[in-house]
Amino acid sequence: MGVSPRELGASVGEHTDLLAEPIPGVDEALAAVDAFDRALVGGLLRPRPTQAAELTELAQAVAGTPLASRVAEAAEKAAAGAAGEDHFVALAAARTALLGSVHDALVTRVEEATGRPRGEETAPTFVEQQAANLLAAARSWLSDLARTGWQAIDHDVVSGSAQVVSAMLPDPSLRRLATLLDGFAAELAASCPGAALERIPVRRWADLWSRAMLLTLPGAADAPAVGTATGRLLPLGVDVHEHATAAQAQVHAVFEPADGAPPRLVRAGVAVPKPDTVVGAGVWQLLRTHMSLLAAAGEGRSMDIADMPITAEGDLIWSDEHARPGEPTDAFAAARVALPTAAASATAPLDRHPARIAVPVFLEGYTVHKSEQKHAAPDGQQADAVLTFTVAGRPLAVDTDRIPTAGPLTPEAVAASSACIGLLRWDAGTFGVQPLAVETTVRKKAVVIHAGGWAGGTTDKAGAKAEKAAADAVVVLRERAGRLLRK
């Protein structure tokens, strides 16, 4: 039974205990997923008896579903070393369905803890894909990977994706799959030979493999249905992801429709390629020019949007032509007043994975506990501070590792905070919160610190220095690129 919404904030508050309680069926579903993932490690060309048992465990986990007969046949064929592409697709579908069920159970528990409504789901529409030969080629390569297994991968096997990716990239409808295959192949290539690996990222590679396999099905990679949104955006915080060659910023916000419809949670993101020399605050120079919402979030301002494209999953397809800066706004005021009644959007079937859970929440009235966690380092044992919020007597882990270096928010500021806007996530069997912004006290003065506080520019010495260094690096790289093109 659900929990009624609170009057103040979308805080898990006194219902933190719900996040700590076990959810029936989750452990069993994950155990079946883990069993299949172990079977992929050794490869399914000549499966051992233990692998056959692991495949059977996956089939038994979906025995009461519409997938039952197909997965049972696929597990039997795979255990005999005779699986074809259709059988591997069935196994990938079973694994994805199990993780999807875990995702749905976790999201339901979050809804019970926050009392927040969920938006209505819309049935996906599928359009027959073109380039069926390319999809079949991708499926063939992924099947070869499954037969080979992670322990036996080598450059010959991995390089089989190169021609498929090159042929897919020019086609916009296939670019999503092409990008996934390209990144997956690059990760595998960097790990060759598999026999020399000390540690195999079993869950991650199985995630990438099964997702790619399902995206080869006709219609699976189609662009989601798009509507339009007109109204006011109240930014809550910015989540930043930084990679050696790419950076992404995603703004989480409450959208208040102009027609008076109930508010809903939305996201707007931008991703850009970057040189590996641009790090930290320097990434804002690359990001903010592509989305005015970043500047608004950094400056504490709302945005008025008109006919902005939006997917059924709540992702705004951002275009500055459909937006203009609005009135100054306080993210914590929005979190206290607007967030509790904002409905969450439905999640697309292929995106239903526990790792994708990132639910905006507001927390206050907690106490902070700091402990040390020792780990091995080249120069000996080192200790990292581990933070925990105690909310209504219940601990909630704080994921400070996700706090970006591209902003003023620090673990120290979180430890001294009295209120927090964050993303509720689930990892390693427990719920935790990723801070996006905190209310804290600095030199006896109440202040608000955002992870995306430098998105619109900064006068902070450290941030300004990093931005200048990034600008200098970009100028140098452009000059070098220009010289190469002139040769």
Side-chain angles (χ1 to χ4, degrees), residues 96 100 103-104 107 117-131 135 168-180 211-212 214-236 238-239 241 246 248-272 287 289-294 296-297 302-326 338 342-353 356-360:
T96 302
H103 168 278
D104 290 352
V107 169
R118 191 194 311 191
E120 295 183 1
E121 296 190 20
T122 56
T125 56
F126 297 104
V127 179
E128 189 68 23
Q129 282 271 10
Q130 302 298 315
L135 295 176
M168 283 184 169
L169 281 172
D171 186 342
S173 68
L174 298 176
R175 202 161 291 158
R176 180 184 181 191
L177 175 58
T179 302
L180 174 57
R211 184 174 180 82
L214 293 184
L215 285 176
T216 67
L217 298 178
D222 284 352
V226 176
T228 58
T230 298
R232 183 172 70 149
L233 281 181
L234 302 173
L236 297 170
V238 185
D239 187 17
H241 306 273
Q248 180 189 48
Q250 188 174 59
V251 180
H252 291 263
V254 174
F255 169 59
E256 297 181 328
D259 61 6
R264 61 182 292 198
L265 290 172
V266 297
R267 300 173 296 266
V270 59
V272 294
L287 290 165
T289 57
H290 295 280
M291 193 169 72
S292 57
L293 180 58
L294 286 175
S302 65
M303 290 289 283
D304 295 320
I305 60 175
D307 299 323
M308 180 77 73
I310 186 171
T311 69
E313 287 75 46
D315 290 299
L316 292 165
I317 303 174
W318 193 263
S319 170
D320 282 345
E321 296 178 358
H322 295 275
R324 60 183 178 84
S345 299
T347 305
L350 288 185
D351 292 338
R352 285 179 164 138
H353 190 293
R356 296 290 296 264
I357 295 174
V359 181

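- Taking CE of M303 as the start and CH2 of W318 as the end, the distance is 4.0 Å to the nearest 0.5 Å.
- Nearest heavy-atom pair, P263 versus P257, reported as atom, atom and distance to 0.1 Å: CA-CD, 4.0 Å.
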Run L350 and L215 through side-chain contact (heavy atoms from CB on, under 4.5 Å) and show every step you take. CA-CA 9 Å; L350 288 185; L215 285 176; 3.7 Å; yes
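- With contacts defined as side-chain heavy-atom distances shorter than 4.5 Å, the pair L287/M291 does not qualify.
- Residues T347 and E313 are not in side-chain contact: their nearest non-hydrogen atoms beyond the backbone lie 4.5 Å or more apart.
- The shortest heavy-atom contact between L234 and S302 is CD2-CB, 4.0 Å.
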Given side-chain contact (heavy atoms from CB on, under 4.5 Å), test I305 with F255 step by step and report yes or no. CA-CA 10 Å; I305 60 175; F255 169 59; 3.8 Å; yes
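- Between the side chains of D320 and H322, no donor-acceptor pair is found at a separation under 3.5 Å.
- Two residues are said to be in side-chain contact when any heavy atoms from C-beta on lie closer than 4.5 Å; L135 and L217 fail this criterion.
- Atom CD1 of residue I357 and atom CG of residue D351 lie 12.0 Å apart, to the nearest 0.5 angstrom.
- Counting all heavy atoms, side chain and backbone alike, A178 lies closest to L169 at CB-CD2, 3.7 Å.
- In this structure, CG in L265 is found 9.5 Å from NE2 in H252, a value given to the nearest 0.5 Å.
- Listed for the T230 side chain is a donor-acceptor partner under 3.5 Å among the backbone atoms of D307.
- Across P235 and A253, no two heavy atoms sit closer than the pair CA-CB, 3.8 Å.
- Residues V270 and Q248 form no side-chain contact, since every pair of their non-hydrogen atoms from C-beta on lies 4.5 Å or further apart.
- Using a 4.5 Å cut-off on side-chain heavy atoms (C-beta onward), I310 and T228 make no contact.
- With sequence neighbours excluded, no residue forms a salt bridge (charged side-chain N to carboxylate O under 4.0 Å, His left out) with R264.
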Before you tell me yes or no, could you show the steps for H103 and H353 under side-chain contact (heavy atoms from CB on, under 4.5 Å), namely the whole-Å CA-CA distance, both residues' side-chain angles and the distance that decides it to 0.1 Å? CA-CA 5 Å; H103 168 278; H353 190 293; 5.6 Å; no
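- Taking a cutoff of 4.0 Å between a charged side-chain nitrogen and a carboxylate oxygen, D171 and R176 do not qualify as a salt bridge.
- Rounding to the nearest 0.5 Å places CE of M308 at 6.0 Å from CG of L316.
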For R352 and D104: C-alpha separation, side-chain torsions, deciding distance, then whether side-chain contact (heavy atoms from CB on, under 4.5 Å) applies. CA-CA 7 Å; R352 285 179 164 138; D104 290 352; 3.3 Å; yes
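- Atom OG of S319 and atom NE2 of H290 lie 13.5 Å apart (nearest 0.5 Å).
- The structure places CG of L233 at 10.0 Å from CG of L236, a figure rounded to the nearest 0.5 Å.
- When the salt bridge (charged side-chain N to carboxylate O under 4.0 Å, His left out) test is applied to D304, the partners found at least two apart in sequence or on another chain are R324.
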